Number of protein chains: 2
Amino acid sequence: MKLRFQKDAIVNGINIVMKAVPSKTTMTILECILIDASTSEIKLTGNDMELGIETRVEGDILEHGKIALDAKLFSEITRRLSSENASVTIESDDKFNTTIRCENSVFNIQGRDGEEFAYLPYIEKDKYICLSQFTLKEVIQQTIFSIAPNDSNKMMAGELFEVNENQLKVVSLDGHRISIRKVRLKDHYEDTKVIVPGKTLSEVSKILGGDNEKEVLIYFSTNHILFEFDNTMVVSRLIEGEYFRISQMLSSDYETRVSVNKKEFLDCIERATILIRENDKKPLIINIGDNSMELKLNSSFGSMNAELMIHKTGKDIMIGFNPKFLIDALRVIDGEDINIYMMNPKSPCFIKDEEESYIYLILPVNFNAATV
Amino acid sequence: MKLRFQKDAIVNGINIVMKAVPSKTTMTILECILIDASTSEIKLTGNDMELGIETRVEGDILEHGKIALDAKLFSEITRRLSSENASVTIESDDKFNTTIRCENSVFNIQGRDGEEFAYLPYIEKDKYICLSQFTLKEVIQQTIFSIAPNDSNKMMAGELFEVNENQLKVVSLDGHRISIRKVRLKDHYEDTKVIVPGKTLSEVSKILGGDNEKEVLIYFSTNHILFEFDNTMVVSRLIEGEYFRISQMLSSDYETRVSVNKKEFLDCIERATILIRENDKKPLIINIGDNSMELKLNSSFGSMNAELMIHKTGKDIMIGFNPKFLIDALRVIDGEDINIYMMNPKSPCFIKDEEESYIYLILPVNFNAATV
């Protein structure tokens, strides 16, 4: 095999497929990136058996073939090659000895037989949706924080992707909170309901350019999901099982509704967390009166008090939260003001907009009212 | 005590003195920053007993006094306060309860008696030199990498500062290499020779703005050194003892002189180190011929070969180096081309300019010529 690339093209391709190369594995071949130039295209592949990424790279095929190269070494060598427009030549012989040549430097490394590499599964392309790269990237970032990757319930390690006519609903939950985002699609599609591993979504969101003009096609098969965009294909296993029935946890009743400036509220809570060290479970106590909201946090390091102006309808309430949960939700909500709906200090609180394009459910925490 | 600051001023002051706050100490009072407003100025102090930093901060003294506040907490609270121009009020009572107030937030933390804090030693100001902040910052960065902070010989943890008439010579060495920089001073000063702890120099170089127009005064006493610049004083103990006699290790004889483009040479060596993992001692072998220099590195990961154009006078030579030592020196040398002087594969090599404003001595390493 003999190939020639522009440095930029190969580095970019490697960065994409690296996201699927496992850092630890018992199958050492998976620590490699497959370079496949056996047809008229050059394709790079990384695969950790759960998640596989394949991307097409521009380059000249001087001699067809395929080779698997240690991902870390291959990535570092190409990244460190001098100028951005440098041309890089990769050549391997029958014994998989590989030479990477660029300007005045020549690297020799031992490659492995490309045939040993695990190919990506084939996915039927009949059931799909289409949305912009920007929207997909955004909807992942707006929900990914409330998965629970280490929970014994493996469904909490994933997100629900539910397609209903022209709407995609994405849901994640971790037992203390639920994040829901709804996206309007340009077309009507077949109804679908799958659970996508959080790791897959997090890697996809990193690769996506976030361009509003460019699209992603998402294909659903029984056991897999395929994301197709630009020159790249990301294939992942789905999580098996039936997702939690969240509709029964949602309620539109409330006793108190508060409208508050999002940035001020977020800044205040973030400041309060200065007094908390990791694993230190101190609640943020919110005391809601007529036109103002008082925030309090006490810890062994000291205390913080803050007051914010609000618009309130309904009853006064004093309620406690894990400040991290509020911060996570507030950080991903756009817009100047937010609405918070509360029933009582024991019932879930909802942060949502009127159209319910987003709903963040957060369970309150107990606090000792006597010490407040 | 009651003080009022602009957020920027107090944050900046804290950042400076934090450099002297120890992360681990048995004297918990040293984990604090002292705020002293007992006179007409507000001064912050951090002190780890080896190194002490005091800086003056602009602010209003509404009530005189002093207090010691936990450095980490104080730093985080002020940094997270909203806008850059926010005004911050710090108030403490007789029991050292301290309130930090800014906009809508109030923090209460427990301070400690400022009298418990360890003041900086008093330094006689008769022996000194003056140079620009830029030059001092630069000369530290150009030599600090070749100290050996963990060596049993404690002099290797410091740098020699030697003043001779209108010249400052700075020397560091670690048993494998020596770095020497000479700086011309604007005035003639009393001769001095002290060993300054590397940690002190490294913190000073971080605080220095690097402004060519602004000056630093360095005062020398028997056991201490004092750096005075802007609103800041850095006091450090000196390392006791007589520094190594380096003059006998320097030689101007050579058999081979090579002139090479610095950037090309550095790029090549940096690339070669891709094939080396930490603690993996593989030499870079340099084979010098008439107009070209061949670089080779072999490791368990593969091999690299590169060729560079050079100007050579004298004999051909094949010589091996720890690539890290070459990289460290080349990174801090300005200018397009460098000159390398070699005697034989066992003798130190010198990278220096004609005026010897810098000299980097590097010992070569043995290699098995048969495997090259």
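The sequence lines fix the lettering, A, B, ..., with proteins before strands; numbering per chain opens at 1. From a predicted model like this one, the values you see are computed outputs, not experimental measurements.
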Under the side-chain hydrogen bond (donor to acceptor under 3.5 Å, both in side chains) test, residues paired with A:R331 that sit two or more places apart: A:E270

For chain A, the option from B:I109, B:L73, B:D70 that forms the most heavy-atom pairs under 4.5 Å: B:L73

Euclidean distance, B:N104 CG relative to A:E294 CD, rounded to 0.5 Å: 11.5 Å

A:K262 atom NZ: more than 12 heavy-atom contacts under 6.0 Å: yes

More than 12 heavy atoms of other groups within 6.0 Å of A:K19 NZ: yes

Worked check of side-chain contact (heavy atoms from CB on, under 4.5 Å) between A:I274 and B:F107: CA-CA 10 Å; A:I274 295 167; B:F107 282 90; 4.3 Å; yes

Test item: B:T273 and A:R80 side chains (from C-beta on) under 4.5 Å apart, heavy atoms: yes

Residues in side-chain hydrogen bond (donor to acceptor under 3.5 Å, both in side chains) contact with B:S292, at least two apart in sequence or another chain: B:E307

Contact class of B:S300 relative to chain A, heavy atoms under 4.5 angstrom: neither

Largest heavy-atom contact set with chain A, pairs under 4.5 Å, which of B:A272, B:A306, B:S303: B:S303

side-chain contact (heavy atoms from CB on, under 4.5 Å) between B:M304 and A:I77, worked out: CA-CA 10 Å; B:M304 191 213 70; A:I77 290 175; over 6 Å; no

Spatial distance of atom CD (B:E103) from atom CZ (A:R271) [nearest 0.5 Å]: 6.5 Å

Separation between OG of B:S105 and CD1 of A:I269, rounded to the nearest 0.5 Å: 11.0 Å

